[in-house]
Amino acid sequence: KQEVTQIPAALSVPEGENLVLNCSFTDSAIYNLQWFRQDPGKGLTSLLLIQSSQREQTSGRLNASLDKSSGRSTLYIAASQPGDSATYLCAVRGMTTDSWGKLQFGAGTQVVVTP
Amino acid sequence: NAGVTQTPKFQVLKTGQSMTLQCAQDMNHNSMYWYRQDPGMGLRLIYYSASEGTTDKGEVPNGYNVSRLNKREFSLRLESAAPSQTSVYFCASSDPTRPGASYNEQFFGPGTRLTVL
């Protein structure tokens with residue numbers, strides 16, 4: 001069974017520092033991996049989706065890398081701002097028929113960016 | 001485009017009461033999902049519907065039923081609510097058949113916060 005882990009569970013950085021968020025998964029047979037942002041009391045906002053054939057995806061200050069063979073993805077947020085404070089979740093979609101379309105989530109990393 | 005909408009936003013139930021959570025999407029997606037989110041556990045899939053007319057169990061289906069009313073709407077029903085069902089419920093949709101970079105990107109609603117006393 002696929003297990004997705006995000007360490008650390010919480011992170012606090014001063015404004016301007018680069019953020020590095022980690023996601024690991026136990027089964028490398030994935031179709032894609034998606035990073036989400038969740039603000040307190042709100043739903044999930046999709047940030048980046050990386051297909052299994054890709055090594056990275058970029059959007060503005062965000063860059064996500066994927067190393068499928070080692071079961072790892074990293075989300076980089078450059079020059080962090082207080083508005084980046086949120087919980088960041090990663091989720092993987094498996095390749096088997098049984099896991100069709102379904103996402104397996106990590107528990108998230110809660111980020112606080114201090115002014 | 002409203003994306004994915006959910007009603008109600010908040011609900012308090014007593015043990016044994018029933019209720020239905022509503023979800024609708026206007027993106028013409030084929031697939032829809034119901035998740036629950038509990039502290040420290042991430043999101044867990046309750047039920048999903050790969051396409052109109054089909055539904056399947058996810059990781060934690062016990063105590064729930066679903067209906068895919070049409071392509072737009074997917075409802076989640078609690079027949080006899082229990083305190084263990086206190087959670088935040090999210091509906092999502094995607095289109096796994098759509099090619100390109102957004103293949104199977106899931107879009108989420110704002111959630112329903114349910115408390116069972």
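By convention in this document, chain letters (A, B, ...) are assigned in the order of the sequence lines, proteins followed by strands, and residues within each chain are numbered from 1.
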Going by distance alone, is a donor N or O of one side chain under 3.5 Å from an acceptor N or O of the other, for [X] and [Y]?
X: B:Gln106; Y: B:Tyr35; result: yes
X: A:Ser24; Y: A:Arg72; result: no
X: B:Gln11; Y: B:Thr112; result: no
X: A:Asp84; Y: A:Gln81; result: no
X: B:Arg68; Y: B:Thr54; result: no
X: B:Asp38; Y: B:Ser87; result: yes
X: A:Ser69; Y: A:Asp67; result: yes
X: A:Ser65; Y: A:Tyr76; result: no

Can you say whether [X] sits under 4.5 Å from chain A via the side chain, the backbone, both, or neither, judging by heavy atoms?
X: B:Glu59; answer: side chain
X: B:Arg113; answer: side chain
X: B:Leu45; answer: side chain

- Message: Sort by residue number and list every residue of residues 104-115 of chain A having at least one heavy atom under 4.5 Å from chain B.
- Response: A:Gln104, A:Phe105, A:Gly106, A:Ala107
- Contact residues of residues 3-15 of chain A (partner chain B; heavy-atom separation under 4.5 angstrom): none
- Query: Are B:Thr55 and B:Phe74 close enough, and set up right, to give a side-chain contact (heavy atoms from CB on, under 4.5 Å), and what steps lead you there?
  - Reply: CA-CA 10 Å; B:Thr55 61; B:Phe74 188 38; 4.0 Å; yes
- Query: Considering only heavy atoms, which portion of A:Leu89 lies under 4.5 Å from any heavy atom of chain B: side chain, backbone, both, or neither?
  - Reply: side chain
- Item | Between CD on residue B:Glu79 and CD on residue B:Gln17, distance to nearest 0.5 Å | 13.0 Å
- Item | Interatomic spacing from CG in A:Asp27 to NZ in A:Lys68 - rounded to 0.5 Å | 10.0 Å
